[in-house]
Protein chains: 2
Amino acid sequence: MKVLIVEDDPLHRSYLHEAVCSALPECETVIEAENGIAGEQFARDHKTAHIVMDLQMTGRNGIEAARTIWKERPDTRILFWSNYSDEAYVRGVSRIVPDGAAYGYVLKSASDERLKLALRSIFVESQCVIDREVRGLQQKSIGHPNSFTDSEYEILVDIALGLTDRAIAKRRNLSLRSVQNRLQHLYDKLDVYQTSPEDRLDSQFNLRARAVAVALLRKLLNYSALERAEAELQDWLNDQP
Amino acid sequence: MKVLIVEDDPLHRSYLHEAVCSALPECETVIEAENGIAGEQFARDHKTAHIVMDLQMTGRNGIEAARTIWKERPDTRILFWSNYSDEAYVRGVSRIVPDGAAYGYVLKSASDERLKLALRSIFVESQCVIDREVRGLQQKSIGHPNSFTDSEYEILVDIALGLTDRAIAKRRNLSLRSVQNRLQHLYDKLDVYQTSPEDRLDSQFNLRARAVAVALLRKLLNYSALERAEAELQDWLNDQP
DNA sequence: TCGCGTCCTGCGTAAACCCGCATCCGCTTG
DNA sequence: CAAGCGGATGCGGGTTTACGCAGGACGCGA
């Protein structure tokens, strides 16, 4: 078995290396990549079917790297090993995992034991292993009334990028009013009206900007999500007349 | 000599511990705190004058912790040891360092050697040691035409929080028009008009939201800065009629 | 088949935003 | 001292948002 480690922090990388060797004695080769670009390259060159990947790396982050890797070979098994369980990450990951692929999401704060168990489960047994905390987010993010639908999330990203209503309408093929309609829903769910102080303070907030702020504070959005969205936006802009 | 380490990642913490011991043989006690709150507490209890501190910790981050520590004893020597050189962090740090205090800012990507040298320079020689890359940012952020004044930065934070022009005016004791004036400067400097494709007739962007987006993408703002600003905002809101 | 809920859409209005033009003030410079 | 410069403020108006009201389309269980 060959395992590829993609992780930009040297300390974490060597820790992972050790964990992999001890959890998977049958693994004869461990390759280390220190960023997403190199990770993609190594995955291609070495045809590795087993990857441990950090999210949040500078340059190309884990989600982007995983997406291209999975696009080239959807049966790759990837264990995401991250410091955070931001909803933005969780959503980003579940958006790209191919049907039937075995993958995992383990937090760096998890114990040694847990990490090794996850390594075996995913790489040997082809099981999905999702950290309980992350699982909780995934659950909540479907079904629960106070969660966000894809369309609401989409429009959240669009206003976070700074698009006007009109531009969003054009991009998403909607009417102006529909965009505003969706915004309405978003504002409601994000509880952006600051009604907390009992009486009316004439809403001190610019709803649009406030929505972005609370989304960031709640980790519904993070830098990495913004970065990806910005790249997509630029692509789209270049295709416009 | 006593040294306090404030760092939430266990691997980094033990690495630091080792580095401190080897760089400072005269150090007889090393205390470890795994978050900002504990860090403040230990600093108070043990009256440590030498601290190595991570920025970006969950809960109370390094900048907040450092501020309260320095408020209690301004002669504390603090070495900030961070993964990032975001302008938001650099600005946040230089905003709180007391006059004449010895401090340092070293990136985690720096070599072992560099870290140990910094430890000695700051804790023994009371020298300031600022990573070259960070230094560069500091330089650029004063004087250079394409940099941000404090007032522009202030208003950037305010719109990022989602305040309306009127609310900002009230909070900063300005007239409405002055706020918009400052916004104007901000928009100019952030180059928010997307003039890149030759003739963008009706700019697709909501300037206010776009300004926040590019500030985030350029690391002029980050989560930690937003978090701090939000806390201050809530304080201010509670003081309002 | 009929409601019913959810989403899209148009119309219209009040408020907020963006910003050019112009004045005033305090501070630097020759 | 006069000129100049950058920031604060007023005025005015064109544009964009926020959102209530009111239809219309589509799917779904009774």
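Naming convention: chains lettered A, B, ... in sequence-line order (proteins, then strands); numbering from 1 in each chain. Just so it is clear, the structure is predicted and the values come from calculations on it, not from any experiment. The figures that follow rest on heavy atoms only: side chains count, while hydrogens, waters and symmetry mates do not.
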Original post:
Can you check the A/Arg166 CZ to D/dT16 P distance for me, whole Å?
Top reply: 5 Å
**OP:** Would you classify B/Leu174 as touching base, sugar-phosphate or nothing, given that sugar-phosphate means primed atoms plus P, OP1 and OP2, and contacts are heavy atoms under 4.0 Å?
**Re:** sugar-phosphate
N/O donor-acceptor pairs under 3.5 Å from side chains in residues 74-81 of chain A, not counting sequence neighbours:
{"residue": "A/Thr76", "atom": "OG1", "partner": "A/Arg73", "partner atom": "O", "Å": "2.7"}
{"residue": "A/Arg77", "atom": "NE", "partner": "A/Ser126", "partner atom": "OG", "Å": "3.4"}
{"residue": "A/Arg77", "atom": "NH1", "partner": "A/Phe123", "partner atom": "O", "Å": "2.8"}
{"residue": "A/Arg77", "atom": "NH2", "partner": "A/Ser126", "partner atom": "OG", "Å": "2.9"}

Original post:
Just to confirm, is there a sub-4.0 Å distance from OP1 or OP2 of C/dC19 to any side-chain nitrogen or oxygen of B/Gln184?
Top reply: yes
**OP:** Please work out if B/Ser175 contacts a base, only the sugar-phosphate, or nothing of the nucleic acid, heavy-atom cut-off 4.0 Å.
**Re:** sugar-phosphate
**OP:** Using atom NZ of A/Lys170 as one end and atom C1' of D/dT16 as the other, report the distance to the nearest whole Å.
**Re:** 15 Å
Original post:
Within the structure shown, what part of the strands sits under 4.0 Å from A/Leu176 by heavy-atom distance: base, sugar-phosphate, or nothing?
Top reply: nothing
Original post:
Any side-chain N or O of A/Tyr193 under 4.0 Å from OP1/OP2 of D/dC19?
Top reply: yes
Original post:
Taking only residues two or more places apart in sequence, or in another chain, which ones meet B/Asp9 in a side chain to side chain donor-acceptor pair (under 3.5 Å)?
Top reply: A/His12
**OP:** Please name all residues satisfying side chain to side chain donor-acceptor pair (under 3.5 Å) with B/Arg60, sequence neighbours left out, ordered by chain then number.
**Re:** B/Glu40
**OP:** Compute the bend angle of the helix from C/dT1-D/dA30 to C/dG30-D/dC1 from the end axes (five pairs per end), rounded to 10°.
**Re:** 30°
Original post:
For the pair made of CZ in A/Arg172 and P in C/dT9, what is the distance, rounded to whole Å?
Top reply: 14 Å
Original post:
Among D/dA18, C/dG20, C/dC8, which nucleotide sits nearest the side chain of A/Ser178?
Top reply: C/dC8
**OP:** State, without any angle test, whether B/Gln234 and B/Glu230 hold a side-chain donor-acceptor pair at a distance under 3.5 Å.
**Re:** yes
**OP:** Determine whether the side chains of B/Asp86 and B/Asn222 contain a donor N or O and an acceptor N or O closer than 3.5 Å.
**Re:** yes
**OP:** Return the nearest nucleotide to the side chain of B/Asp165; candidates are D/dC11, C/dC18, C/dG10.
**Re:** C/dC18
Subject >> Touch class at under 4.0 angstrom, heavy-atom based, for A/Thr164 against every strand present >> reply: sugar-phosphate
Subject >> Partners meeting side chain to side chain donor-acceptor pair (under 3.5 Å) with A/Glu133 (sequence neighbours left out) >> reply: A/Ser85
Original post:
How many Å lie between CD1 on B/Ile159 and C1' on C/dC17, as a whole number?
Top reply: 12 Å
**OP:** Quick one: label A/Asn181 by what it contacts on the DNA or RNA (base, sugar-phosphate, nothing), any heavy atom closer than 4.0 Å.
**Re:** base
Original post:
Over how many whole Å does the gap from A/Gln180 atom CD to D/dC21 atom P extend?
Top reply: 16 Å
Original post:
Does A/Arg210 reach the main-chain N or O of A/Tyr193 with its side chain, forming a donor-acceptor pair under 3.5 Å?
Top reply: no
Original post:
Taking atom C1' of C/dA14 as reference, at what distance in whole Å does atom CG of A/Leu207 sit?
Top reply: 14 Å
Subject >> Distance, rounded to the nearest Å, where A/Arg177 contributes CZ and D/dG20 contributes P >> reply: 9 Å
**OP:** Could you pull out all residues at least two apart from B/Tyr84 that satisfy side chain to side chain donor-acceptor pair (under 3.5 Å)?
**Re:** A/Gln56
Subject >> Spacing between B/Arg182 atom CZ and D/dA8 atom P, to the nearest angstrom >> reply: 4 Å
Original post:
Between B/Asn173 and B/Asn206, which has a closest nucleotide on DNA chain D that is more 5'?
Top reply: B/Asn173
